[in-house]
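Keep in mind that what you see is a predicted model, and the values were worked out from it rather than measured. Below, read A as the first sequence line, B as the second, and so on, with proteins coming before strands; counting in each chain starts at 1. Values reported hereafter were calculated over all heavy atoms of this structure, with side chains retained and with hydrogens, waters and symmetry mates removed.
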Number of protein chains: 2
Amino acid sequence: MAERSQYEELARQISAMGAVKRSLARLLPAECPSGSAAVLALLDRYGEMRISRLAELLAVDMSVTSRHVAHVAGRGWIERSPDPDDGRSRILRLTPAGVARLEDLGRRTTDLFAHHLKDWSDDDVGRLNALLARLRESLGDCRNARTPT
Amino acid sequence: MAERSQYEELARQISAMGAVKRSLARLLPAECPSGSAAVLALLDRYGEMRISRLAELLAVDMSVTSRHVAHVAGRGWIERSPDPDDGRSRILRLTPAGVARLEDLGRRTTDLFAHHLKDWSDDDVGRLNALLARLRESLGDCRNARTPT
DNA sequence: TATTGTTATACTCTATAACTATA
DNA sequence: TATAGTTATAGAGTATAACAATA
């Protein structure tokens, strides 16, 4: 259990990550905004899946996911085939064009980090990745169990 | 210098922080959205300042900052006094009502973290805070030096 | 002429709710 | 009746550009 002031500092840091996120987003071509890029990245990492699963991984509502998916499908970066087990669903899968697009995106972000994070060690980046993953897991179920005003 | 795959993982983690940020935002009263909360927090931490300085700290355009400031000023949480050294500027300062509002916000976020981050040590939280601060510093000047498409 | 700040406009991302189709 | 997905609508946050006032 950490001190209260550390929690407030953490809240400030999280809030300020928006600026970092925007830096990354500015790297992207106008045709492929960050929502689209996230869809492609997850399909690459976890393989084909349905929209509901994608929405879970993105941690956004299914309606939002549906729009992002429609966007990338319209560009030919993914294909939607019928789900043999459930007529209501379709299976999403990267196309070769989607893979190519994703490789381009990976190159852009890698270039940015390689330039600005020159003095970070492999371990530094790994530690940050691990802590962020843990943070998301710890806060993962905030969505449903809360006390708003 | 870290490996390429770690950079791509970092990009994914940063992108996914949006969900964590929204969890925090859902704690806030409707009257005080996250932009307003950030203004109050920075004025508390750094003391009175002008809009342009606030925009720098928020890492957001001055036009955006201007709107957030108008919102919190309208609620009486900050006051704007003329800048004796520059007739174009005004000095922003927390009011007692703003301090009270901020204390309430701090209580909410602290409660959330205390509940969900029970198994985090003081050092864990401190390490994450330090790494996030360093990340923002390393990427701090991305805004002006880039190669979009 | 340059800078501080404000406002108008537009775009992205998001959630809620209503709706269709299938289970 | 319940679930997967889509679409319409609304709201927050942001950037760009045009503008006012002062330096």
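- The distance between atom CE of A/Met17 and atom C1' of D/dG13, rounded to the nearest whole Å, is 17 Å.
- Within the 4.0 angstrom heavy-atom criterion, only backbone atoms of the sugar-phosphate kind lie near A/Arg80; the bases stay farther away.
- For A/Val64, the listed nucleotide lying nearest its side chain is C/dT14; candidates were D/dA15, C/dG5, C/dT14.
- Rounded to an integer number of Å, the gap from CG of B/Asp85 to C1' of C/dT4 is 14 Å.
- Judged by atom type and distance alone, B/Ser63 reaches the base of D/dT16 through a side-chain donor-acceptor pair under 3.5 Å.
- For A/Arg90, no side-chain nitrogen or oxygen approaches OP1 or OP2 of C/dT22 to under 4.0 Å.
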Show your working on salt bridge (Lys or Arg N to Asp or Glu O under 4.0 Å) between A/Arg45 and B/Glu9 and close with a plain yes or no. CA-CA 10 Å; A/Arg45 176 162 196 185; B/Glu9 172 68 14; 3.0 Å; yes
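- To the nearest angstrom, C1' of C/dT3 lies 13 Å from CG of B/Asp83.
- Ranked by how close their nearest DNA chain C nucleotide is to the 5' end, A/Gly87 and A/Gly35 are led by A/Gly35.
- Residue A/Asp86 is classed as a sugar-phosphate contact, given heavy-atom separations below 4.0 Å to backbone atoms only.
- Applying the 4.0 Å criterion to OP1 and OP2 of C/dA15, one finds that B/Arg22 has a side-chain N or O inside that range.
- Comparing atom distances between the B/Arg88 side chain and each of C/dT3, C/dA23, C/dG5 picks out C/dT3 as nearest.
- Close to D/dA12, at under 4.0 Å from its OP1 or OP2, lies no side-chain N or O of B/Ser34.
- With rounding to whole Å, B/Leu58 atom CG is found 13 Å from C/dG5 atom P.
- As rounded to whole Å, 18 Å separates atom P of D/dT3 from atom CD1 of A/Ile51.
- Put simply, the side chain of A/Ser138 never gets that close to the backbone of A/Leu135: no donor and acceptor are under 3.5 Å apart.
- One interatomic measurement links the two molecules: CG of A/Leu92 to C1' of D/dA4, which rounds to 12 Å at whole-angstrom precision.
- When the side chains of ILVMFWY residues are joined at heavy-atom separations under 4.5 Å, either directly or via intervening members, A/Ile51 and A/Ile91 end up in two distinct hydrophobic clusters.
- B/His71 has no side-chain polar atom (N or O) that falls below the 4.0 Å cut-off from OP1 or OP2 of D/dA12.
- With a 4.5 Å cut-off on side-chain heavy atoms, A/Leu92 and A/Val39 do not count as touching.
- One interatomic measurement links the two molecules: NZ of A/Lys21 to P of C/dT14, which rounds to 6 Å at whole-angstrom precision.
- Taking 4.5 Å as the limit, every side-chain heavy atom of B/Asn129 sits out of range of all side-chain heavy atoms of A/Tyr7.
- Between A/Asp61 atom CG and D/dA4 atom C1' there is a gap of 12 Å when expressed in whole angstrom units.
- Side chains of B/Ser121 and B/Asp123: a donor-acceptor N/O pair is absent below 3.5 angstrom, by distance only.
- Of the candidate nucleotides C/dC13, D/dA12, D/dT6, D/dA12 has the atom lying nearest to any side-chain atom of B/Pro33.
- Residue contacts for A/Arg67: at a heavy-atom cut-off of 4.0 Å it reaches a base atom on one of the strands shown.
- A close approach under 4.0 Å does not occur between any side-chain nitrogen or oxygen of B/His68 and OP1 or OP2 of D/dA12.
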